[in-house]
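First comes the structure, then the notes that go with it.
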Amino acid sequence: MAYDPNNVFAKILRGEIPCKKVYEDEHVLAFHDINPQAPIHVLVIPKGAYVSWDDFSATASDDEIACFVRAAGKIARDLGADKKGYRVLANTGVDGGQEVPHFHLHIFAGRPLGRMVAKA
Ligand code: 5GP
């Protein structure tokens, strides 16, 4: 799938749509989800134009991938989510339920998070 520069996270990266930022560095931006599914629900996105986890893991540079993983762990710790535990999730493609076609990691925390995957 080609990257759509008009997706909502691209607009957030360009500053065209506001976000409640929790972290930013050279390669990464993180902000609160607009429709939180847990007391803590943060989205972590690369600044590069990657459609999905599949695209990011295959084509991002080692530097981008390392920065992204380090940042996601730091964000969770900075939010205190490591104390009682948390979940990271990357919905990917149609069956994965991905709605926004810019790679993002969800960080959920702040309550028991239940089953790993919804029953069919
Ligand atoms: P996906 O289903 O693609 O993994 O998740 C997309 C997430 O983006 C959803 O949890 C949704 O609430 C969030 N989202 C969609 N539009 C916006 C927005 O404009 N701002 C923020 N902060 N989150 C958004």
Side-chain angles (χ1 to χ4, degrees):
M1 186 199 290
Y3 184 80
D4 174 8
N6 288 318
N7 78 76
V8 68
F9 294 169
K11 291 179 179 177
I12 286 174
L13 282 167
R14 290 195 296 267
E16 296 166 12
I17 293 177
C19 72
K20 289 170 66 179
K21 183 166 72 175
V22 298
Y23 177 88
E24 183 169 15
D25 68 23
E26 178 188 1
H27 292 303
V28 179
L29 179 68
F31 48 88
H32 292 282
D33 195 290
I34 201 167
N35 182 24
Q37 304 298 308
I40 293 172
H41 184 175
V42 166
L43 301 169
V44 187
I45 70 172
K47 290 187 173 177
Y50 301 101
V51 173
S52 66
W53 159 256
D54 185 59
D55 183 19
F56 184 71
S57 62
T59 64
S61 69
D62 290 355
D63 190 38
E64 287 172 295
I65 291 171
C67 284
F68 188 86
V69 173
R70 295 273 189 209
K74 174 177 166 43
I75 291 160
R77 286 188 298 278
D78 288 352
L79 292 166
D82 58 315
K83 302 291 187 294
K84 292 191 75 177
Y86 61 96
R87 180 171 295 159
V88 295
L89 178 72
N91 294 323
T92 305
V94 174
D95 279 2
Q98 182 177 0
E99 294 175 357
V100 178
H102 181 113
F103 170 50
H104 51 282
L105 200 68
H106 297 257
I107 299 176
F108 302 102
R111 65 168 171 81
L113 293 164
R115 290 180 61 83
M116 190 163 58
V117 178
K119 286 183 179 171

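Positions are given from 1, in the same order as the sequence printed here. Hydrogens, waters and symmetry mates are skipped; everything else that's a heavy atom, side chains included, is used. Everything quoted here is computed from the prediction, not taken from an experiment. Both counts, for ligands and for their atoms, begin at 1 and track the order of listing.
I34 CG2, 3.8 Å is the protein heavy atom nearest to atom 14 (N) of ligand 1. For atom 22 (N) of ligand 1, the closest non-hydrogen atom on the protein side is H32 O, 2.9 Å. When only non-hydrogen protein atoms are considered, atom 8 (O) of ligand 1 lies nearest to F9 CZ, 3.4 Å. Closest to atom 7 (C) of ligand 1 among all protein heavy atoms lies D33 OD2, 3.5 Å.
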Practice item. Carefully, step by step, assess H106 and R87 under the rule side-chain contact (heavy atoms from CB on, under 4.5 Å). Key: CA-CA 8 Å; H106 297 257; R87 180 171 295 159; over 6 Å; no
Check your understanding: Which is it for E26 and K47 under the salt bridge (charged side-chain N to carboxylate O under 4.0 Å, His left out) test, yes or no, and what are the steps along the way?
Key -> CA-CA 8 Å; E26 178 188 1; K47 290 187 173 177; over 6 Å; no
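Close contacts between ligand 1 and N91 involve ligand atoms 1 (P), 2 (O), 4 (O) [criterion: under 4.0 Å to a heavy atom]. With ligand atoms numbered from 1 in the order given, ligand 1 contributes 16 (N), 19 (O) to contacts under 4.0 Å with heavy atoms of V8. Close contacts between ligand 1 and E99 involve ligand atoms 1 (P), 2 (O), 3 (O) [criterion: under 4.0 Å to a heavy atom]. Below 4.0 Å from some heavy atom of H106 lie the following atoms of ligand 1, by number and element: 1 (P), 4 (O), 5 (O), 7 (C), 10 (O). The contact set between ligand 1 and G97, taken as ligand atoms under 4.0 Å from a residue heavy atom, comprises 2 (O). Less than 4.0 angstrom separates some heavy atom of N35 from each of these atoms of ligand 1: 12 (O).
No more than 12 heavy atoms of other residues, nucleotides or ligands shown are found within 6.0 angstrom of CG on D62.
Atom CG of L29 sits about 7.5 Å away from atom CD1 of I12, to the nearest 0.5 Å.
For atom 4 (O) of ligand 1, the nearest non-hydrogen atom from the set H104, H102, K21 belongs to H104.
Residue contacts with ligand 1, taken as heavy atom pairs separated by less than 4.0 Å, do not involve L89 at all.
Remark: aromatic rings of Y50 and F103 are distant, center separation not under 6.0 Å.
Looking only at distances, a side-chain donor or acceptor of S57 sits under 3.5 Å from a matching main-chain atom of D54. At distances below 3.5 Å, at least one donor-acceptor pair connects side-chain atoms of H102 with backbone N or O atoms of P46.
Take K74 and apply the salt bridge (charged side-chain N to carboxylate O under 4.0 Å, His left out) test, not counting sequence neighbours, and it matches D78.
Residue-ligand proximity: K11 is placed with every non-hydrogen atom at 4.0 Å or more from ligand 1.
Within the 4.5 Å cutoff, no side-chain heavy atoms of E99 are placed close to those of N91.
The N/O atoms of F31, backbone and side chain alike, include none that comes under 3.5 Å of an N/O atom in ligand 1.
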